[in-house]
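Counting from 1, the numbers follow the sequence of the chain as shown.
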Amino acid sequence: MLTRPALLFLGAFAAILMSYTALSLVPKMQLATIEPTPGTEQPFGAQVQGREIYIREGCVYCHTQQVRAPGYGADVERGWGPRGSLPGDYVYDSPHLLGTMRTGPDLRDIASRQPSADWHYAHFYNPRSVSPGSVMPPYPWLFRTVEVGPGGAPGNAVPLPPEFAPGDGLAIVPTGEAEALYAYLMTLKLEPVEAPAPSPATE
């Protein structure tokens, strides 16, 4: 005959096991059957490093990565993506970075609407240099200040308005971390998909 402590332990163990099964194991098995959206590629190299920097710098706290489909919000009307996000868009994401706050715009399709490296580097260095009134913090530690030599500024110098430039004889250049972060953002693209054919009941 089981003692009361043993019954309490078995009850707690059963509750934990059922919770794990319902909240983790079953969803994981369901998601394992989802195929990547056509055109979605697994990130590698600098893109993976950039994703880690995106997490480290807290970008996920102010930006989402989930475009709502028409009828569920105005994301497409805002130009945040040509369509709503699909499960296959996230097959290679671990952990998922869907986000919950939109202090800044959604970034799921940022590679399509803003592919310019110069714009992104200026935005990382000081967001207000390209987006007046932005509340995003600057990330100057992702850059180096270098002296301009006789041949002029380096080819990878960040073009900045005079009020944000470092001064005469100096230039701002991205570090490898800034380049990796940009490489990651360029993986965030919603590829067009073919709309499903209407069912006979809706024709």
(message) Quick check against the 3.5 Å criterion: does Ser129 have a side-chain atom that pairs as donor or acceptor with the backbone of Ala122?
(response) yes

(request) State whether the number of non-hydrogen atoms from other residues, nucleotides or ligands found under 6.0 Å of Phe44 atom CZ is greater than 12. (result) no

(message) Please check this pair: side chain of Thr145 against backbone of Ile172, looking for a donor-acceptor N/O pair closer than 3.5 Å.
(response) no

(message) With heavy-atom distances below 4.5 Å as the criterion, would you say the side chains of Leu97 and Ile55 are in contact?
(response) yes

(message) Could you check whether any side-chain heavy atom of Pro138 comes within less than 4.5 Å of a side-chain heavy atom of Pro127, counting everything from C-beta outward?
(response) yes

(request) Answer yes if Val146 and Phe164 sit in the same cluster of Ile, Leu, Val, Met, Phe, Trp and Tyr residues linked by side chain heavy atoms under 4.5 Å apart, and no otherwise. (result) no

(request) Specify whether Tyr121 and Phe124 have parallel, tilted or perpendicular ring planes, treating 30° as the upper limit for parallel and 60° as the lower limit for perpendicular. (result) perpendicular

(request) Give the cluster check for Leu10 versus Leu17: same hydrophobic cluster or not, with ILVMFWY residues linked at side-chain heavy-atom distances below 4.5 Å. (result) no

(message) Within this structure, what is the NZ-CD distance for the pair Lys189 and Glu191, rounded to the nearest 0.5 Å?
(response) 5.0 Å

(request) Report yes or no: does Thr40 contribute a side-chain atom to a donor-acceptor pair with the main-chain N or O of Pro36 at less than 3.5 Å? (result) no

(message) Under a 4.0 Å threshold between the charged nitrogen and the carboxylate oxygen, would Glu77 count as salt-bridged to Arg68?
(response) no

(message) Test side-chain contact (heavy atoms from CB on, under 4.5 Å) on Arg51 and Asp93; report intermediate values, then the result.
(response) CA-CA 10 Å; Arg51 190 173 194 273; Asp93 284 4; 3.6 Å; yes

(message) Do His123 and Ser131 have side chains that approach each other closer than 4.5 Å (heavy atoms only, starting at C-beta)?
(response) yes

(request) Hey, could you give me each pair passing ring pair (Phe, Tyr, Trp, His ring centres under 6.0 Å) that has a residue in residues 130-152? Not counting sequence neighbours. (result) Tyr125-Phe143, Tyr139-Trp141

(message) Return the NE2 to CG distance between His63 and Leu185, rounded to the nearest 0.5 Å.
(response) 9.0 Å

(request) Using side chain to side chain donor-acceptor pair (under 3.5 Å) as the criterion, point out the one residue from Thr37, Asp89, Asp109 that pairs with Arg83. (result) Asp89

(request) Might you point out which heavy atoms bring Gln66 and Asp75 nearest each other, and give the distance in Å? (result) O-OD2, 3.6 Å

(message) With a 4.5 Å cut-off on side-chain heavy-atom distances among I, L, V, M, F, W and Y, is there a chain of contacts connecting Trp80 to Leu190?
(response) no

(request) Compare all side-chain heavy atoms of Asn126 with those of Pro140 and state whether any distance is below 4.5 angstrom. (result) no

(message) Run the ring pair (Phe, Tyr, Trp, His ring centres under 6.0 Å) test against Tyr184 and tell me which residues pass, sequence neighbours left out.
(response) Tyr54

(request) Decide if atom CD of Glu147 counts as having more than 12 heavy atoms of other residues, nucleotides or ligands within a radius under 6.0 Å. (result) no

(message) Are the side chains of Arg78 and Pro105 in contact, using a 4.5 Å heavy-atom criterion?
(response) no

(request) Show your reasoning for whether side-chain contact (heavy atoms from CB on, under 4.5 Å) applies to Val26 and Thr21. (result) CA-CA 6 Å; Val26 171; Thr21 301; 4.0 Å; yes

(request) For Pro43 and Gln47, work out which heavy atoms get closest and say how close. (result) CA-OE1, 3.2 Å

(message) Checking the side chain of Gln65 only, and the main-chain atoms of Asp106 only, is there a donor and an acceptor separated by less than 3.5 Å?
(response) no

(request) Please report the C-alpha distance between Trp119 and Gln114 in whole Å, then the side-chain angles of each, then the deciding distance to 0.1 Å, and finally whether the side-chain contact (heavy atoms from CB on, under 4.5 Å) criterion is met. (result) CA-CA 8 Å; Trp119 187 94; Gln114 185 51 272; 3.5 Å; yes

(request) May I ask you to test the Val173-Val158 pair for a side-chain heavy-atom distance under 4.5 Å? (result) no

(message) Using the rule that Ile, Leu, Val, Met, Phe, Trp and Tyr join whenever any side-chain heavy atoms are under 4.5 Å apart, tell me whether Leu188 and Met186 fall into a single cluster.
(response) yes

(request) Spell out, as yes or no, whether a donor-acceptor pair under 3.5 Å connects the side chain of Arg128 to the backbone of Ser134. (result) yes

(request) Would you kindly check if the NZ (Lys) or CZ (Arg) of Arg108 is within the cone defined by 45 degrees around the ring axis of Tyr90 and under 6.0 Å from the six-membered ring centre? (result) yes

(message) Quick check: do Glu177 and Arg56 have side-chain heavy atoms less than 4.5 Å from each other?
(response) yes

(request) Group every Ile, Leu, Val, Met, Phe, Trp and Tyr by side-chain heavy-atom contacts under 4.5 Å, then state whether Leu107 and Leu86 land in the same group. (result) no

(message) Within the structure provided, determine whether Thr187 and Glu41 are in side-chain contact (heavy-atom separation under 4.5 Å).
(response) no

(request) Enter the distance from Cys62:SG to Glu57:CD here, rounded to the nearest 0.5 Å. (result) 12.5 Å

(request) For the pair Thr175 (side chain) and Leu142 (backbone), establish whether a donor and an acceptor sit closer than 3.5 Å, ignoring hydrogens and angles. (result) yes

